[in-house]
Amino acid sequence: MDHTNHVRLAATELTPAVLEGATVYGADDHKVGKVDHVHGAGAGSSVIIDVGGFLGIGAKPVAVPLTDLDFMRDEDGDVHAVTTWTKDQLKEMPEHRH
(Lines give C-alpha, C1' and ligand atoms only; values in the text may rest on other atoms or scores of the structure.)
Protein backbone atom coordinates (compact mmCIF):
# COMPACT_ATOMS: atom_id res chain seq x y z
CA MET A 1 0.00 0.00 0.00
CA ASP A 2 1.35 3.43 -0.90
CA HIS A 3 0.89 5.64 2.15
CA THR A 4 2.42 8.80 0.65
CA ASN A 5 -0.94 10.34 -0.27
CA HIS A 6 -2.64 9.43 2.99
CA VAL A 7 -3.50 12.28 5.32
CA ARG A 8 -1.72 12.17 8.68
CA LEU A 9 -3.98 12.56 11.70
CA ALA A 10 -3.77 15.79 13.66
CA ALA A 11 -2.68 15.53 17.31
CA THR A 12 -6.28 16.29 18.35
CA GLU A 13 -7.45 13.16 16.49
CA LEU A 14 -5.14 10.79 18.40
CA THR A 15 -7.92 9.66 20.72
CA PRO A 16 -9.12 6.15 21.63
CA ALA A 17 -12.37 6.69 19.71
CA VAL A 18 -10.43 7.35 16.49
CA LEU A 19 -7.52 4.93 16.92
CA GLU A 20 -9.15 1.80 18.32
CA GLY A 21 -9.63 -0.85 15.65
CA ALA A 22 -7.09 0.72 13.27
CA THR A 23 -5.01 -1.71 11.23
CA VAL A 24 -1.25 -1.47 11.82
CA TYR A 25 1.20 -2.02 8.97
CA GLY A 26 4.82 -2.94 9.73
CA ALA A 27 8.20 -2.12 8.26
CA ASP A 28 7.63 -4.45 5.30
CA ASP A 29 4.15 -2.96 4.71
CA HIS A 30 2.52 -6.19 5.86
CA LYS A 31 -0.38 -6.06 8.29
CA VAL A 32 1.09 -6.69 11.75
CA GLY A 33 -1.96 -6.21 13.96
CA LYS A 34 -4.84 -4.03 15.09
CA VAL A 35 -5.10 -1.33 17.72
CA ASP A 36 -7.01 -2.81 20.64
CA HIS A 37 -6.96 0.19 22.95
CA VAL A 38 -4.98 3.24 24.06
CA HIS A 39 -3.48 3.98 27.49
CA GLY A 40 -3.03 7.62 28.46
CA ALA A 41 -3.46 10.74 26.37
CA GLY A 42 -1.25 12.74 24.06
CA ALA A 43 2.29 11.96 22.93
CA GLY A 44 3.12 10.04 26.12
CA SER A 45 0.41 7.45 25.66
CA SER A 46 0.82 3.79 24.77
CA VAL A 47 -1.04 1.93 22.06
CA ILE A 48 -1.98 -1.69 22.72
CA ILE A 49 -1.74 -3.72 19.51
CA ASP A 50 -3.15 -7.22 19.09
CA VAL A 51 -0.50 -9.16 17.15
CA GLY A 52 -0.91 -12.53 15.47
CA GLY A 53 -3.86 -14.81 15.95
CA PHE A 54 -6.60 -15.48 13.48
CA LEU A 55 -9.89 -13.58 13.45
CA GLY A 56 -9.03 -12.14 16.84
CA ILE A 57 -8.44 -15.54 18.46
CA GLY A 58 -5.02 -16.16 19.93
CA ALA A 59 -3.78 -12.61 19.38
CA LYS A 60 -1.14 -11.32 21.79
CA PRO A 61 -1.57 -7.74 23.08
CA VAL A 62 1.67 -5.71 23.20
CA ALA A 63 2.21 -2.06 24.20
CA VAL A 64 4.15 0.37 22.01
CA PRO A 65 4.61 4.13 22.44
CA LEU A 66 2.17 6.22 20.43
CA THR A 67 5.20 7.98 18.93
CA ASP A 68 6.28 4.66 17.26
CA LEU A 69 3.16 4.77 15.07
CA ASP A 70 2.27 7.08 12.21
CA PHE A 71 -1.55 7.30 12.08
CA MET A 72 -3.26 8.37 8.86
CA ARG A 73 -6.46 8.10 6.82
CA ASP A 74 -6.62 6.39 3.45
CA GLU A 75 -8.65 7.49 0.44
CA ASP A 76 -11.78 5.94 2.00
CA GLY A 77 -11.28 7.77 5.30
CA ASP A 78 -10.27 4.60 7.17
CA VAL A 79 -7.70 5.14 9.92
CA HIS A 80 -4.59 2.96 9.90
CA ALA A 81 -1.05 3.17 11.23
CA VAL A 82 2.43 2.52 9.89
CA THR A 83 5.32 1.52 12.13
CA THR A 84 8.95 0.48 11.70
CA TRP A 85 8.29 -2.62 13.86
CA THR A 86 7.91 -5.98 12.12
CA LYS A 87 5.37 -8.61 13.16
CA ASP A 88 8.17 -10.82 14.51
CA GLN A 89 9.57 -7.96 16.63
CA LEU A 90 6.12 -7.24 18.07
CA LYS A 91 5.51 -10.94 18.81
CA GLU A 92 8.77 -11.02 20.81
CA MET A 93 7.62 -8.19 23.08
CA PRO A 94 6.22 -9.02 26.52
CA GLU A 95 2.47 -9.53 26.62
CA HIS A 96 0.54 -6.49 27.84
CA ARG A 97 -1.64 -7.32 30.84
CA HIS A 98 -4.58 -5.10 31.81
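The analysis underlying the following values was restricted to heavy atoms, covering all of them including side chains, and did not include hydrogens, waters or symmetry mates.
- Note: the hydrophobic cluster containing Leu69 also contains Val18 (ILVMFWY, side chain heavy atoms under 4.5 Å, direct or indirect links).
- Between Thr86 atom OG1 and Asp88 atom CG the span is 5.0 Å, to the nearest 0.5 Å.
- Hydrophobic clustering places Ile49 together with Leu9 (ILVMFWY residues linked when any side-chain heavy atoms are closer than 4.5 Å, directly or through intermediates).
- Counted by atom type alone, Thr23 and Lys34 present one or more donor-acceptor pairs between their side chains at under 3.5 Å.
- Under the 4.5 Å side-chain criterion, counting only non-hydrogen atoms from C-beta, His37 is not in contact with Pro16.
- With Thr83 contributing its side chain and Asp68 its backbone, the two residues share a donor-acceptor pair below 3.5 Å.
- When atom types are taken as modelled, the side chain of Lys87 and the backbone of Gly33 share no donor-acceptor pair closer than 3.5 angstrom.
- The shortest side-chain heavy-atom distance between Val64 and Leu90 falls under the 4.5 Å cut-off.
- Using a cut-off of 4.0 Å between Lys/Arg side-chain N and Asp/Glu carboxylate O, Asp78 and Arg73 are scored as not salt-bridged.
- Rounded to the nearest 0.5 angstrom, Lys60 NZ and Glu95 CD are separated by 6.5 Å.
- One hydrophobic cluster holds both Val79 and Val24 under the rule that ILVMFWY side chains link at heavy-atom gaps under 4.5 Å.
- Between Ser45 and His39, the shortest heavy-atom distance links the atoms CB-O, 2.8 Å.
- When hydrophobic clusters are built by joining Ile, Leu, Val, Met, Phe, Trp and Tyr residues whose side-chain heavy atoms come closer than 4.5 Å, directly or via intermediates, Val62 is not grouped with Ile48.
- Side-chain contact between Leu66 and Phe71 is present, with at least one heavy-atom pair separated by less than 4.5 Å.
- When all heavy atoms of Glu20 and Asp36 are compared, the pair lying nearest together is CG-O, 3.6 Å.
- What you find for Ala22 and His80 is that their closest heavy atoms are CB-CA, 4.1 Å.
- Here the side chains of Lys91 and Val51 are in contact, with some heavy-atom distance below 4.5 Å.
- Val47 and Tyr25 fall into different hydrophobic clusters, where Ile, Leu, Val, Met, Phe, Trp and Tyr residues are linked whenever their side-chain heavy atoms come under 4.5 Å apart, directly or through other members.
- Smallest separation of non-hydrogen atoms from Ala59 and Gly52: CB-O, 3.5 Å.
- Nearest approach of Trp85 to Val32, heavy atoms of both residues: O-CG1, 4.5 Å.
- The heavy-atom pair separating Thr84 from Gln89 by the smallest distance is O-OE1, 3.9 Å.
- Side chains of Asp29 and His3: a donor on one and an acceptor on the other come within 3.5 Å.
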